[in-house]
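Heavy atoms only: backbone and side chains are in, while hydrogens, waters and symmetry mates are out.
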Amino acid sequence: MSMNQYWADLEQPEYDPEEFVERMAFRARSAGGGQGGRGELSDAQQLHTAFLTAIKDLKVMHEKQMTKCEELEESVREEERAHWSRVAGLIQRNRAAATTYKSLDERINLVAGKVVHLGDQLESVNTPRARAEEALKLMKHFDDFLDGETSVSPVFMDKARLYEAADIIQKLQLIAQELPEKEFSPAQRAIEAKYSEIEASLIEEFVKHHRSDDKQKMAELALILSHFRGYNECVNAFIEQIQVTSFRGKDPFKDIVPLCKTSWSTISSVFPSPSAVMAKFVLNIYHVKLKQHIQTVLADKNNTELYLRNLFTLYSQTTRLSQELSHYNLGSDQLFLSKLTKDIFARYLDSYINIESRYLNDRSKTVLTRYYESKGHQRKNISSTGAVSEFKRDIHGLIAAKTNFNIGDIVNYGGETFLSEEVAISLLQEAKEAFRRCQVLSKTSDLAANAEEIWNLLVSYLLHNHVDYAIELGLAGIPVPESKSSPELYFFEVVSQTNTIIHLVDKLFTDSLVPLVASTPKHGSCLHTKKQELEKLETKLDQGLDRSLAAVAGWIKTVLSSEQKKTDFNPVDGDPLPVASSACIKVVRWVGGLTEKLRDCLDGRNVEWALQELGVRLHRAIYEHLMVFQFASAGAMTLICDMQEYRRCVADWKLGVVTALFDTLHAMCNLLILPPENLRGAAMGDQLASVDKTILDNWLQLRVDYKTARLVNCL
């Protein structure tokens with residue numbers, strides 16, 4: 001193989017030694033060709049020779065490469081030594097340059113010191129001379145005013161020399177103030193007159209240049225006027241001129257921030273004390289434009305809702321405006337803008353909570369009145385509550401059971417609950433807006449108390465006058481248990497709507513009230529009020545549910561007693577087919593419809609509680625109903641079919657207590673068909689082992705063969 005072939009193989013991107021050897025062996029065999037019978041020995045010798053040759057060639061290549069590497073390394077070392085030599089020379093030159101720079105810096109400082117000293121000497125000579133010259137000039141001008149006449153000096157007559165005249169008259173006025181009035185009063189009056197005249201001219205020039213937007217001239221005039229008494233008049237003229245072309249719209253809030261931004265650029269470039277001028281400019285805006293606008297908008301208090309909305313909007317806009325203007329340097333008082341806002345709104349904020357309370361009172365009354373009028377309902381004074389009401393209700397039920405005549409005052413209003421989520425949302429929205437206004441418009445010290453007052457108003461109108469009143473009407477409309485007709489149970493809708501409203505109240509309490517009263521004693525007070533009111537409502541709802549379920553149990557008893565026949569369980573005409581009785585089917589269907597209603601109206605654990613209580617009362621009603629019958633074997637099969645229907649009815653409830661009750665009752669029904677010898681074993685089974693033996697013995701007495709089969713002591 002040639003050297004080039006070796007290099008081509010060795011310099012491949014993915015070099016593999018084994019693959020290199022294989023390739024070399026393949027080439028060696030290809031070069032030898034076939035050798036007949038001695039081919040294998042010849043191939044081995046050829047490979048051996050090829051490998052020895054390749055090893056020698058690779059050694060030669062390695063030696064050449066090592067020699068080349070050594071030459072390159074030596075070349076690099078020579079180049080490195082040359083670079084280090086150049087670096088050493090550069091370092092030496094840098095040191096020399098640093099020494100030269102230090103020497104030059106010392107000489108420059110020496111010369112500068114001599115120049116400053118020379119300047120001080122020249123100034124010490126020139127300053128007294130300039131002062132003396134200035135004093136002489138002032139004395140000549142003062143001499144012109146000694147006779148009390150206005151000076152006719154060219155300086156005061158030439159308008160082009162106004163700046164020079166202003167400088168002279170300002171100094172003369174200061175000098176005149178120091179002189180005794182008795183001797184120099186004519187001169188003082190003449191100087192004062194000229195002072196006022198020049199001051200007025202300066203202000204006039206300032207206004208003229210302001211109109212032409214010549215900031216350079218304005219700055220010169222402002223600097224001169226800053227030494228005059230009328231400097232504030234200059235500032236006032238500037239502020240008035242700015243406002244002449246501003247506030248063209250009805251809402252000044254839109255114009256103030258852009259106006260302040262453009263005005264600040266002018267003020268900062270014109271006046272020597274821009275912060276004070278900007279503060280006065282903002283003060284003027286607040287006390288003139290804003291105050292006038294606020295008084296106009298809030299002048300009419302007849303429409304209280306609009307007044308409160310406008311007050312909230314204006315105060316919020318003013319507060320936001322103050323925040324936007326706070327980045328301007330308005331002096332040392334950090335609360336400057338806050339004090340301006342409070343000063344403007346003070347008389348409105350002092351009476352805010354009284355107006356808010358009056359509005360919520362009137363608005364809540366109006367909402368409730370309109371609702372009841374839309375229903376054609378005249379509110380009743382419900383005063384019969386507690387034990388007295390319960391006693392009257394029991395008496396009415398007893399009379400109805402004995403005489404089949406209902407004298408009770410049961411009015412269900414055709415299913416109308418007199419509860420409205422729309423009314424509740426309206427009152428809650430009003431309260432939410434009131435809390436929002438309260439947070440913004442109340443003083444920090446009064447915030448919690450004001451929020452509690454709003455909360456108490458909401459509780460009074462929504463929970464007392466609306467929800468509690470509707471619950472009382474619902475309680476009065478629940479049928480007595482002794483009713484002879486299918487009870488119309490609308491109280492479940494009352495419970496559903498009440499729960500919805502309470503959830504909304506609770507959300508408002510958490511979202512709107514708690515942030516206003518947190519970390520204050522009022523928080524505990526509001527929590528107590530909420531807990532107390534909800535407990536009252538919950539007690540009445542529980543009472544209503546209990547009455548409703550009592551009416552359900554009463555109606556089930558009525559259905560069973562009127563529909564169930566003695567022949568259902570003790571047939572006289574042979575053995576009928578074992579099917580559920582008509583009374584059972586009617587009860588199961590009615591209870592099924594009631595179950596759906598309960599699930600639609602109640603939520604969460606309330607559904608479980610109501611269904612469990614319904615199941616217990618249903619079980620009791622059925623058990624007591626069955627205790628008045630005698631059961632033959634065929635009738636017992638009908639009873640077992642009835643019990644299967646009852647069990648299917650309650651199985652969907654998935655309540656362990658109820659399911660266990662009906663499973664036990666079903667096991668007891670089996671006792672009515674078992675042979676006497678199997679009764680003891682059945683009574684000791686898992687489902688009946690916990691049942692009192694007296695109960696089981698009384699149950700067995702319902703069998704028609706109780707005496708003939710001698711079942712007295714079979715258990």
Just how far is it from atom [atom1] of [X] to atom [atom2] of [Y], taken to the nearest 0.5 Å?
X      : Y      : atom1 : atom2 : answer
Lys522 : Glu452 : NZ    : CD    : 4.0 Å
Gln497 : Thr500 : CD    : OG1   : 7.5 Å
Asn236 : Lys280 : CG    : NZ    : 4.0 Å
His503 : Leu508 : NE2   : CG    : 15.0 Å
Leu337 : Lys342 : CG    : NZ    : 12.5 Å
Ile454 : Leu513 : CD1   : CG    : 9.0 Å

[X] to [Y] - nearest heavy-atom pair and separation:
X      : Y      : value
Asp511 : Lys507 : OD2-NZ, 2.6 Å
Val270 : Ala222 : O-CB, 3.6 Å
Ser269 : Lys215 : OG-CD, 3.8 Å
Ala448 : Val517 : O-CG1, 3.8 Å
Val607 : Leu598 : CG2-O, 4.3 Å
Leu611 : Val658 : O-CG2, 4.3 Å

Run the salt-bridge test on [X] and [Y] with the 4.0 Å N-O cut-off and return the result as yes or no.
X      : Y      : answer
Lys208 : Glu205 : yes
Glu80  : Arg77  : no
Lys530 : Asp506 : yes
Arg599 : Asp652 : yes

With a 4.5 Å limit on heavy-atom distance, are the side chains of [X] and [Y] in contact?
X      : Y      : result
Ile501 : Ile425 : no
His62  : Leu58  : no
Leu202 : Cys234 : no
Arg309 : Phe312 : no
Gln216 : His209 : no
Asn606 : Val495 : no
Met218 : Thr266 : yes

Flag yes if more than 12 heavy atoms outside [X] fall under 6.0 Å of its [atom1] atom; otherwise flag no.
X      : atom1 : value
Lys432 : NZ    : no
Gln532 : CD    : yes
Glu78  : CD    : yes
Gln439 : CD    : no
Arg81  : CZ    : yes
His287 : NE2   : yes
Asn109 : CG    : yes
Lys261 : NZ    : no

> Hey, do the aromatic rings of Phe271 and Phe238 have their centres closer than 6.0 Å?
Replying inline: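 Under 6.0 Å, so yes.
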
> Does the ring centre of Phe435 sit less than 6.0 Å away from the ring centre of Trp455?
Replying inline: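 Centroid separation for Trp455 and Phe435: 6.0 Å or greater.
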
Tell me whether [X] contacts the main-chain N or O of [Y] through its side chain, where contact means a donor paired with an acceptor under 3.5 Å.
X      : Y      : value
Ser496 : Phe492 : no
Thr100 : Ala96  : yes
Asn94  : Leu90  : no
Ser265 : Thr262 : yes
Thr53  : Thr49  : yes

> With sequence neighbours excluded, what pairs up with Ser442 under the side-chain hydrogen bond (donor to acceptor under 3.5 Å, both in side chains) test?
Replying inline: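 Ser442: side-chain hydrogen bond (donor to acceptor under 3.5 Å, both in side chains) contacts with Asn450.
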
> Partners of Tyr315 by ring-ring contact (aromatic ring centres under 6.0 Å, His included), sequence neighbours excluded?
Replying inline: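 So Tyr315 forms a ring-ring contact (aromatic ring centres under 6.0 Å, His included) with Phe345.
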
> With sequence neighbours left out, what residues match Phe662 under ring-ring contact (aromatic ring centres under 6.0 Å, His included)?
Replying inline: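 Here the qualifying residues are His619.
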
> Does the pair Val650 and Trp653 meet the rule for a side-chain contact (heavy atoms from CB on, under 4.5 Å), with working shown?
Replying inline: CA-CA 5 Å; Val650 301; Trp653 300 355; 3.8 Å; yes

>> For a side-chain contact (heavy atoms from CB on, under 4.5 Å) check, start with the C-alpha distance between Leu308 and Leu441, then their side-chain angles and the critical distance, and finish with the verdict.
In response: CA-CA 10 Å; Leu308 287 171; Leu441 300 177; 5.6 Å; no

>> Assess the residue pair His293 and Leu314 against the criterion (side-chain contact (heavy atoms from CB on, under 4.5 Å)); give the C-alpha distance rounded to whole Å, side-chain angles, the decisive distance to 0.1 Å, and a yes or no.
In response: CA-CA 9 Å; His293 173 70; Leu314 290 171; 3.9 Å; yes

> side chain to side chain donor-acceptor pair (under 3.5 Å) between Ser322 and Tyr286: does it pass, once the steps are laid out?
Replying inline: CA-CA 10 Å; Ser322 297; Tyr286 271 67; 2.8 Å; yes

> Given the rule in the side-chain contact (heavy atoms from CB on, under 4.5 Å) test, do Phe509 and Leu458 qualify, once you have shown the distances and angles that lead to the verdict?
Replying inline: CA-CA 11 Å; Phe509 183 89; Leu458 176 66; over 6 Å; no

